[in-house]
Colleague: 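Have a look at the structure that comes next, please.
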Amino acid sequence: MEKRPDLNFFLQDVLIVAPGLLGKTLVRVYPYGKKEKYIITETEAYRGEEDKACHASKGRTKRTEIMYRAGSYIYIYLIYGMYWMLNFVTGPEDLPQAVLIRCIKGFDGPGKLTKQLAIDKSFNGENLITSERLYLSDGLSDISFKTTTRVGIDYAGEDWINKPWRFILI
DNA sequence: TCATTGATTTCA
DNA sequence: GAAATCAATGAT
């Protein structure tokens, strides 16, 4: 029996959850019952209103409201009018944090993985603890990873561009 | 290096 | 209302 991480895992700080997701299994259950599993290989952390690269840095809006909720929610948004991004909300309520799932094993890139998993806006607001079609389970027990800077946030300013908040499974 | 693409946000 | 913005990808 697969074991999902419990709520307390997602209530931790995003800088703990983001690397903690590496090597875990992302489970996608399709409407016709087919189940596919993927190992998470790369994540990025977005942390609080102070983080200029975080969507919530401009305050609470209709779009970012979900990041202010407590952990374990799924946050989906569209970028460049073409690609859905998959994020997991972390941390306590009223502290906007989220982990961007950048890569899964076999699909190298956040736009590609959501296309492969047929993830779209309808997943926004679902909960990883209770969802029947997209959730996490235990994966690799012994992993190592490296950190580097985040991608595609040139607008955020040097202090934030240089944060080593991108985590890559080795 | 450039075109694509549309939801969200900002400015009026 | 209209205009600018954008956590990416694939073709050139």
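Letters go in sequence order (proteins before strands), and every chain restarts at 1. Hydrogens, waters and symmetry mates are skipped; everything else that's a heavy atom, side chains included, is used.
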Colleague: Nearest whole Å is fine: how far is dT10(B) C1' from Arg60(A) CZ?
Modeller: 20 Å
Colleague: Can you tell me the distance, in whole Å, between the NZ atom of Lys58(A) and the C1' atom of dC11(B)?
Modeller: 13 Å
Colleague: Base, sugar-phosphate, or nothing for Met82(A), non-hydrogen atoms under 4.0 angstrom?
Modeller: base
Colleague: Within 45° of the axis and under 6.0 Å from the centre of the six-membered ring of Tyr30(A), does NZ or CZ of Arg28(A) qualify?
Modeller: yes
Colleague: With a 6.0 Å cut-off on ring centres, are Tyr75(A) and Tyr77(A) close enough?
Modeller: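 Yes, ring centres under 6.0 Å apart.
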Colleague: Applying a 4.0 Å non-hydrogen cut-off, can you work out what Ile153(A) is touching in the nucleic acid: base, sugar-phosphate, or nothing?
Modeller: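 Sugar-phosphate, backbone atoms only, no base.
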Colleague: Think Lys121(A) has a side-chain N or O under 4.0 angstrom from the OP1 or OP2 of dG6(B)?
Modeller: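 Answer no for this pair, as no side-chain N or O of Lys121(A) is under 4.0 Å from OP1 or OP2.
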Colleague: Taking the nucleotide of DNA chain C with the nearest heavy atom to each, does Lys115(A) or Met67(A) sit closer to the 5' end?
Modeller: Met67(A)
Colleague: Consider the side chain of Arg63(A), meaning its heavy atoms from C-beta on, and name the nucleotide among dT9(B), dA8(C), dG10(C) that approaches it most closely.
Modeller: dT9(B)
Colleague: Give me the one residue out of Asp51(A), Thr90(A), Asn87(A) that meets side-chain hydrogen bond (donor to acceptor under 3.5 Å, both in side chains) with Gln97(A).
Modeller: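 Checked Asp51(A), Thr90(A), Asn87(A) against Gln97(A); only one passes side-chain hydrogen bond (donor to acceptor under 3.5 Å, both in side chains): Thr90(A).
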Colleague: For Arg102(A) and dA8(C), give me the distance from atom CZ to atom C1', rounded to whole Å.
Modeller: 8 Å
Colleague: dA8(C) P sits how many Å from Leu113(A) CG, rounded?
Modeller: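 To the nearest whole Å, that distance equals 12 Å.
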Colleague: When both hydrogen-bonding distances must be under 3.5 Å and the geometry is Watson-Crick or G-U wobble, what is dT5(B) paired with, if anything?
Modeller: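 Base partner found: none.
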Colleague: Using a heavy-atom cut-off of 4.0 Å across all strands, would you classify Arg150(A) as base, sugar-phosphate, or nothing?
Modeller: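 The residue Arg150(A) makes no contact with any strand.
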Colleague: Given atom CG of Leu78(A) and atom P of dT9(C), what is their separation to the nearest angstrom?
Modeller: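 One finds 13 Å between P of dT9(C) and CG of Leu78(A), rounded.
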Colleague: So which nucleotide does dT12(C) pair with, by the Watson-Crick or G-U wobble rule with both distances under 3.5 Å?
Modeller: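 dT12(C) is unpaired by these criteria.
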Colleague: Rounded off to whole Å, could you give me the NZ-to-C1' distance for the Lys52(A) and dC6(C) pair?
Modeller: 18 Å
Colleague: Rounding to an integer number of Å, can you tell me how far Ile79(A) CD1 sits from dT4(B) P?
Modeller: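 Those two atoms, CD1 and P, are 18 Å apart.
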Colleague: Could I get the full list of side-chain hydrogen bond (donor to acceptor under 3.5 Å, both in side chains) partners for Gln116(A), not counting sequence neighbours?
Modeller: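 For Gln116(A) the side-chain hydrogen bond (donor to acceptor under 3.5 Å, both in side chains) partners, ignoring immediate neighbours, are Tyr38(A).
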